[in-house]
Amino acid sequence: MAQRSRRTAFPRVVIERDTDTEESSSSSEEKKKKKKKVCKNTGHEAGFRGATYIDCPMKPCFLCKIPGHTTMNCPHRVATEYGVIPAPHRNTRNSLDYIFERQIRSDIPKIKPAFVIPDQVDCAVIRYHSRRVTCLEFHPTSNNVLISGDKKGQLGVWDYGKVYEKTVYGNIHSCILNNMRFNPRNDGTLYAASSDGTISCTDLETGTSSSLMNLNPNGWQGPRNWRMLYGMDINLEKGLVLVADNFGFLYLVDFRSNHKTGEAILIHKKGSKVVGLHCNPVQPDLLLSCGNDHFARIWDMRRIETGSSLYNLAHSRVVSSAYFSPQSGCKILTTSLDNRLRVWDSIFGNLDSPSREIVHSHDFNRYLTPFRAEWDPKDPSESLAVIGRYISENYNGAALHPIDFIDTSTGQLVAEVMDPNITTISPVNKLHPRDDILASGSSRSLFIWKPREKSEIVQQRDEKKIVLCGMGELKRNRKLGDESDDSDDDTFCSKGKNSSFKKSKTKTTRCSLKAKR
DNA sequence: AAGATATGTTCCC
DNA sequence: TGGGAACCCTATCT
């Protein structure tokens, strides 16, 4: 592994809840004893040996799901681009395609600026939410404001520029907050879709909330009748909030009148969850949906009824996210529980099969928020995507779960970002729409990542595969919360005492959204 | 410090 | 088609 230079600025960290210390690191001998038996054969082992996980040889590879080898020697583990086939050449049919020809065809020189990777923890709020974080959104106009939702339905507003300006609203939803979108006409208010079956509209300054829709007006009538909202997006041109439920139905709500328009439309297999909705950023008539029926589907908003989808993009398992590319809206990126990212290079081309399938570990785990690969909204080539990684890698003796940056045009791993202090999986990741900032949600905590010095990045990129660590050199063997609780000073910055995420008591202060730009 | 539990999807009967 | 066990590279609370 490349030796990294010592960080120059310490992150600013807020520890929200002063609970008992993390589980202590049990010795490797203890861990050896705890090896799990996953098949009946004696002599087979499965479990951690130190920071390395050993597979049971009877099981198919945990990463690519193909039998015949174990995860340790899976070719996809060595190189993410392994087995990724370049998209076949198509005839140009559309003026926009000319631009994409450059990105797709190998014989045309690519115009691809260097990727900027936010790889160093700048500040964090530890144990901010009371349950795991489920979604993140940057404020559209106030820089430095991050909105977060959690499994309990709570909504966090954090000004990470002023690290201690944060608040959590707890009375908006009663269970999982699945998706959030800002009101495009008033960026002080936010829509959220929850498993409690309601869409909320919240004033972020005051926390006052109204309900746009409630699918369970009569309360709990048993699991057969309880409807949960998952996918959500906003169509500004049509003045609609779009939401989808766990039974396969789409609902359209006019956000000017707050009235449901028309009846619910079955857009996925009846009884299956629709987890994602995305309106095309360029063509307002195009809608993309995905869900548990193993399909992502493209729809024409002008005529949307059961079975009227324009295309059905087949996957072998549940599709946990599907997004049009952020600038041209021409590409599609999906995340599926078969441990593959799929890319369609042009919605004007042949959609029968994806242009690329990239094997990547983002398996479903019932205890985690589902992973969703998201485009970098700032990348003009529309190829960089970010997604957290499920399986751990042994980094200097610590099992860490990095956040991966993947070039979806080649399948290559551009960067894996991790920090030795973050031992939990980071399934929720959001790239800032304007700044070179990554926000990640890991368990109950939030992290803000910024790029380290540019010169360092260039230097590291020359080493082909970048392995980036923040803060690690100082505290490699220390664990979170390990230190004595000797300070009331809860700000940790470049002039702070040390870099570790330290326990301290903090006060929650309200975050002002009247920004400062 | 070990054990319970929450939790979603798949698979099998 | 529906119910229940299996999954078993988690995190937290008791």
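Residue numbers begin at 1 in each chain, while the letters A, B, ... track the order of the sequences.
Considering only residues two or more places apart in sequence or on other chains, A/E305 meets the salt bridge (Lys or Arg N to Asp or Glu O under 4.0 Å) condition with A/R303. Taking A/V318 as the reference, A/N292, A/H294, A/L337 meet the side chain to side chain contact (heavy atoms under 4.5 Å, CB included) condition, with sequence neighbours excluded. Every residue two or more places apart in sequence or in another chain was checked for a salt bridge (Lys or Arg N to Asp or Glu O under 4.0 Å) with A/D150, and none qualifies. Under the side-chain hydrogen bond (donor to acceptor under 3.5 Å, both in side chains) criterion, A/N312 pairs with A/R297, A/S309, not counting sequence neighbours. Every residue two or more places apart in sequence or in another chain that forms a side chain to side chain contact (heavy atoms under 4.5 Å, CB included) with A/N429 is listed here: A/V386, A/I403, A/S426, A/L438, A/S440. Taking A/R372 as the reference, A/N179 meet the side-chain hydrogen bond (donor to acceptor under 3.5 Å, both in side chains) condition, with sequence neighbours excluded. The side-chain hydrogen bond (donor to acceptor under 3.5 Å, both in side chains) test applied to A/S445 returns no partner, not counting sequence neighbours. For A/D196, there are no salt bridge (Lys or Arg N to Asp or Glu O under 4.0 Å) partners two or more places apart in sequence or in a different chain. Partners of A/T71 by side-chain hydrogen bond (donor to acceptor under 3.5 Å, both in side chains), not counting sequence neighbours, listed by chain and number: A/D55.
Here C/dT10 presents its P atom at 17 Å from NE2 of A/H362, a figure rounded to the nearest Å. A straight line from CD1 of A/I54 to C1' of C/dC8 spans 16 Å, rounded to a whole angstrom. At whole-Å resolution of the value, NZ in A/K273 and C1' in B/dT9 are 8 Å apart. Between the CZ atom of A/R389 and the P atom of C/dT10 there is a distance of 15 Å, rounded to whole Å. The interatomic distance linking A/K152 (NZ) with C/dA11 (C1') rounds to 15 Å, in whole Å. Between the NE2 atom of A/H360 and the P atom of C/dC9 there is a distance of 18 Å, rounded to whole Å. For A/L368 and B/dT9, the CG to P distance is 13 Å, given to the nearest whole Å. Note: CZ (A/R127) to P (C/dA11) measures 13 Å, nearest angstrom.
Only the P atoms considered, B/dT5 is 15 Å distant from C/dA5, to the nearest whole Å. For C/dT14 and B/dT7, the P atoms lie 15 Å apart once the distance is rounded to whole Å.
Using cut-offs of 30° and 60° for the angle between ring planes, the A/Y160 and A/F138 rings count as perpendicular.
Toward the 5′ end of DNA chain C lies the nearest nucleotide of A/F62, the other residue of the pair A/F62 and A/S443 mapping further downstream.
A salt bridge is absent between A/D338 and A/R317: the closest approach of a Lys/Arg side-chain nitrogen to an acidic carboxylate oxygen does not fall below 4.0 angstrom.
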Enumerate all atom pairs, one protein N or O and one N or O from nucleotides 4-7 of chain B, separated by less than 3.5 Å.
from: B/dA6; atom 1: N6; to: A/Y367; atom 2: OH; distance (Å): 2.8
from: B/dT7; atom 1: OP1; to: A/K151; atom 2: NZ; distance (Å): 3.0

Under 3.5 Å, which N/O atoms of the protein pair with N/O atoms of nucleotides 3-5 of chain C?
from: C/dG3; atom 1: OP2; to: A/R224; atom 2: NH2; distance (Å): 3.3

Review item, nucleotides 10-13 of chain B N/O atoms under 3.5 Å of protein N/O:
from: B/dT10; atom 1: OP1; to: A/H294; atom 2: NE2; distance (Å): 3.4

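Between A/H278 and A/L287, the closest side-chain pair of non-hydrogen atoms is not below 4.5 Å.
For A/S361 and C/dC9, a side-chain-to-base donor-acceptor distance below 3.5 Å is absent, hydrogens and geometry of angles not being considered.
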